[in-house]
Amino acid sequence: MKRFHVVLNAFSDDIEKQISEICGLTEYLLEDVKKGNTFIVGDGKMDEDDKHRLAEMAPTKSVIFVILKNLHTEMILDCLMETMCFGDVYLFGSSSFGQEMAIRLGKRSDGSSATGCQWAALSESIVYVKKQVYSNHMMATFCMENSPFCISAARGLEGAMPKAGKSEKEIKTIDKTKDQYPANLTNTIFEEKKPSGGLQTASFVLVGGRGVKNKAGADALARAAEGIHAEFGASRPVVMNAWAAMDKLIGVSGSMIHPKVCITAGVSGAAALYAGIEKSGFIIAINRDENAPIMRKADVVIVDDCQEVLRALQICMEKERADETQAD
Amino acid sequence: MDQISEEEWASDPANRIDTSYVKKILSCYDESGLEMMLKFSDESGDFGVPVQLDAVTIGRKMNENYLKTLYALGFTEATRIECEKEIQFWPEWTAGILSEFMNQTERYDLVVMGNRSADEENGKVPFLLAEELGWPCISQVVEIIPEDEAHVKVRYEVDNGYCTSVVQLPCILSIGDVPCSFLRVPTLKDRMQKGKKEIHRVKIEDLGISETFEGLQPDLSLVNLEVIDQSRPGVILDGMNAEEKAEKLYQTYLKGRVEL
Amino acid sequence: MALSREQIQEELKKALGAEQVVTDETVLKESSLDRYRKFEQVHEIYTQPIPAAVVYVKSTEDVKSVLTFANANGINVVPRTGHSAIEGGLETAKENSIVVDGSTMNKVLKIDKENMQVTCQCGVPLQDLDDMLREQGYTTGHSPQSKPLAQMGGLVATRSIGQFSTLYGGIEDMVVGLEAVFPNGEVCRIKNVPRRSVGPDIRHIIIGNEGALCYITEVTVKLFKYQPENNVFLGYTIEDMKKGFEALRAVMVEGYKPSIARLYDGPDASQHWDWNEDKNVLIFMAEGPAAVTKATAEGIDAVVKTFEGVKAVDPKLIEKWFGGLNWGAEQIAEEKLEILATDNIGITTEVSGCWDCIYDIYKNACDRIMKEVPDMTLMGGHSSHSYMNGTNMYFVYYYNVVDCTPEEEMNKYHNQINRIICEEVIKYGGSIAHHHGLGKARAHYVWQEYGSSFYMLETLKKAFDPNGIMNMGTLIPIKHDDKNPWIF
């Protein structure tokens, strides 16, 4: 029988994301997963409340806290190796920690590892995984050869969080703070990633094209972007008309963006512009001209005046926001 | 020091993508790593730490073009481990061969390698090699700075930021996303003068690896490969007026995708 | 008295409305140059006079009113559409120029399938036009590398040529009729007919005028059936470059009409492929009805194989390469970062020559550049457009910019390389510009290029642009230093 274990990194503050990724990976397995352990590695700063809160989120009944001085992969590997049984499956998040742990644990235990997986499933006790290969052009399905099976999730995977169970969690703690740590890394200085902001990192972008018609139209669109909490960008004709500043330029001579959602407004879809937005997760095109090339390169299209639609969208989202605040 | 290029394996008749017509290019990770090594070597003079840069690749004769470029840029030794066959989805094989090569040469204390190939998207080789050698491995490296004979300073990306640590050698550094890192270009003169140096060739058999690659079996076996549809459907959102369309847009497509 | 910058801006706003007149500093700077000054451009260094305004014209009437105003006041006008020029044609060489941008005139006016011709305004992007036509089973047959950026007016103004020229010809073979505005406000239309014998072909005063005679507002080009399913590809390596040119010649002389006929030298080929092992590469593509492509391909194959040192390669290698050939939108973005990071820059210069001298031009220019110019990292080229009497040579070269400022780069490297190429071409009687236009840099060789026929060019310029307002410095330099023609 296979046991499914989940390994979470509480040194990072995105435990919920890690769980969501693992749930996304194992949608079909959740029932089986429950039977294993959730290992949560963290430092001594976690108090009982923290632990309780984390344990509640864990997808398994049994939760094992591994307390470390610092995030040291060797120590965690030792700990996982000690409790390992034949046939075990270990699931990790998408971070570089998850990836490293999956690969090293697989190798060290003579098992197998798979990284960046979109999906994992069990069929007649064979473990299958799916992952994107060839620069995300193909989806490959692999069967994993040797037990234990160590799998890390793909970035951006999202799954339904497990509902808080009625049954009590079984919590265990392994304290490794007193152990001898190999000192191959010293004088570590940490700098937090500054949110760089701007178009390059924005997750929601509104791009205005020639269809904004003039400076006033571009300004209105920039305000609409603010209203829907999107970053504002512009096509080459817009900046070359000085309707928007040059640093708003999207496309081959400006920013190449990859937001989750990109709305184009009055953009025709010229190749130079499209190259700048094609890595977007989801593209919505608003244009009066239903034959504009962009309309065949978008996920969703609206044939209408872009200003009117965005004004309406802004109102709709403001209302939604107000409702939500009230609900809180 | 040693650069290992986890090059883009390609083409196999059964169930593989035929990429043999595509010109092999260095992955951006390899390119970043190589430029980092050259910069490291430029700077190490100031620290009084002599550095020798070597390069190793596994693969076809065509890969030697890149080794010639590296000679022209100032690398000392370049080796190709000969393999005309295309090996894909088998990082255990690559790591195993490299580990044998390292054991035989016994002269390296720092290995720099790209973190993954664009084809396989695994990122496994650096860690597997680290496990084989029993060395530590730092991943997502973005900068290498000289420290002293036995240490280097390394900047690497972690989940919510960057860390800079002094790292004891020997060690493997796996290169991550380095913004805007291109390998410098040698002049034709350098190519003529330095790029003609002989490239060492090593046969896999000479590394003591059996023809059946015993002990180097892949973790994963490919059972299916399908194209991911990249086209966008262009669903038309209809409505009586702009308000109705906006409402539909929000409720059906934006809600949950964007923050309010 | 010459009008001040502010007066020019005011008058333009009065004539066209403020909305069509842009005086934003960043836009003006970006409009003072083109990709000839690529190194300056990526460093955001602007050495040329900054124009007084960029005006976006919406109609022939708009163009007429701007030109008339400029003509009356002696203000230099630089016509522009897609802004993809690479020979300095878009540099604003005189103080207070007006850049007249036609990209807003972007309507496809008529697709005439009966007469197989399409009429569009000057600002129609070629990519959009051809994509739209292909969906309906047609094509313009024009596919230059600038396709994602270039627009119809500029393509005609520079005598552009595309990848498939050996079959479809250059833009001059495609244009049937046009509309253009001259500096005095005269609007001339040349009607669309299959052929005429009514005196000189005056289309050629407009085609290739590079904005130095008139402003192109409308063009009509031919349509062709688009039938890519019949394409056949051929590829070879060939030991000797000279033999390569001979093979190209033989294919042309025997009467075959491939759409692509290319000869790459080793260094240039190695940028595209690695199977050639540093050897020269010949590629062909036959396009058209199935029976024709089959016969063309077989015929070419037989001709090429008679040459010494030829080795056929799997046509699939060529076909796949061609299918995946990226038109460059991403590369343009990447290029800027790469230049800034490595100080390594790549540039091209295209020339032509008859069969009896093209190899000498190629060989001598390459040898001299490698000897005379420092810090070269790649020197090579290819022939990509062949004719009955000769072919072109597309020099491709890269160098590291060492020990000089972005301002100095031009005279230390780019102009020097251009000079050597032009000198060699002139020496052998070739043409110094095959399809990018003469622009402003190579204009310094206009006298040698034209010889005694310079009289005709000069007379045209004087007749159509007596006040000297049309893209001054293009075709004919404003200032010329005989001793150091390449320092400017």
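We use all heavy atoms of the structure for the numbers below, so side chains are in, but hydrogens, waters and symmetry mates are not. The sequence lines fix the lettering, A, B, ..., with proteins before strands; numbering per chain opens at 1.
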Interchain contact, [X] with chain B, by part (heavy-atom threshold 4.5 Å):
X	value
A:Gln314	neither
A:Ala298	backbone
A:Asn9	side chain
A:Ser12	side chain
A:Arg108	both
A:Lys319	neither
A:Ile294	neither
A:Val309	both
A:Met144	both
A:Phe149	neither

What residue, out of [options], has the most heavy-atom pairs lying under 4.5 Å from chain B?
options	value
A:Arg296, A:Lys131, A:Lys260, A:Met295	A:Lys131
A:Phe11, A:Phe204, A:Phe190	A:Phe190
A:Thr115, A:Leu71, A:Asn146	A:Thr115
A:His229, A:Arg321, A:Glu192, A:Glu308	A:Arg321
A:Gly281, A:Ser95, A:Cys316, A:Ser135	A:Ser135
A:Gln99, A:Glu100, A:Glu318, A:Glu74	A:Glu100

Do you know which of [options] has the most heavy-atom pairs with chain A at a distance under 4.5 angstrom?
options	value
B:Glu259, B:Gln230, B:His151	B:Gln230
B:Leu260, B:Thr252, B:Val258	B:Leu260
B:Glu244, B:Gln140, B:Arg257, B:Glu157	B:Arg257
B:Leu237, B:Val166, B:Ile138	B:Val166
B:Lys255, B:Glu131, B:Gln168, B:Glu132	B:Glu131
B:Ser221, B:Cys137, B:Ser174, B:Ala130	B:Ser221

Could you tell me whether the side chain of [Y] reaches within less than 4.5 Å of the side chain of [X], counting heavy atoms only?
X	Y	result
A:Leu310	A:Leu221	yes
B:Met113	B:Ile172	yes
B:Tyr162	A:Ile189	no
B:Leu133	B:Asn103	yes
A:Thr141	A:Val129	no

Measuring heavy-atom distances to chain A, does [X] have an atom under 4.5 Å in its side chain, in its backbone, in both, or in neither?
X	answer
B:Ala95	neither
B:Leu128	both
B:Glu247	both
B:Glu243	both
B:Val158	both
B:Ser139	side chain
B:Lys248	neither
B:Asp229	neither
B:Leu169	neither

Can you see whether A:Tyr274 has A:Lys297 sitting over its ring - NZ or CZ less than 6.0 Å from the centre and within 45° of the normal?
yes
Between A:Arg104 and B:Phe127, is NZ or CZ placed under 6.0 angstrom from the six-membered ring centre and within 45° of the ring axis?
no
Would B:Arg232 and A:Glu278 satisfy salt bridge (Lys or Arg N to Asp or Glu O under 4.0 Å), going step by step from the backbone distance to the final call?
CA-CA 10 Å; B:Arg232 300 182 187 265; A:Glu278 85 188 316; over 6 Å; no
Using 0.5 Å steps for rounding, measure from the CD1 atom of A:Ile151 to the OH atom of A:Tyr128.
13.0 Å
Could you give the distance from CG (B:Asp177) to OH (B:Tyr29), rounded to the nearest 0.5 Å?
4.5 Å
Check step by step if side-chain hydrogen bond (donor to acceptor under 3.5 Å, both in side chains) holds for A:Ser112 and A:Glu145.
CA-CA 6 Å; A:Ser112 44; A:Glu145 295 292 345; over 6 Å; no
Take atom CD in A:Glu290; do more than 12 heavy atoms of anything else shown fall under 6.0 Å from it?
no
Counting only heavy atoms from other residues, nucleotides and ligands, does the tally under 6.0 Å from CD1 of B:Ile228 exceed 12?
yes
Show the nearest heavy-atom pair for residues B:Lys245 and B:Asp238, with the distance to one decimal.
CG-C, 4.0 Å
Heavy-atom pair with the smallest gap, counting every atom of A:Asn287 and A:Asp289
OD1-N, 2.9 Å
Between A:Tyr134 and B:Gln88, does a side-chain hydrogen bond (donor to acceptor under 3.5 Å, both in side chains) hold up when you go through it step by step?
CA-CA 11 Å; A:Tyr134 300 109; B:Gln88 260 184 319; 2.7 Å; yes
Classify the ring geometry of A:Phe92 against A:Tyr90: parallel below 30°, tilted from 30° to 60°, perpendicular beyond 60°.
parallel
I'd like to know if B:Glu143 pairs up with B:Lys153 as an ion pair, taking the criterion as any Lys NZ or Arg NE/NH1/NH2 lying under 4.0 Å from an Asp or Glu carboxylate oxygen.
no
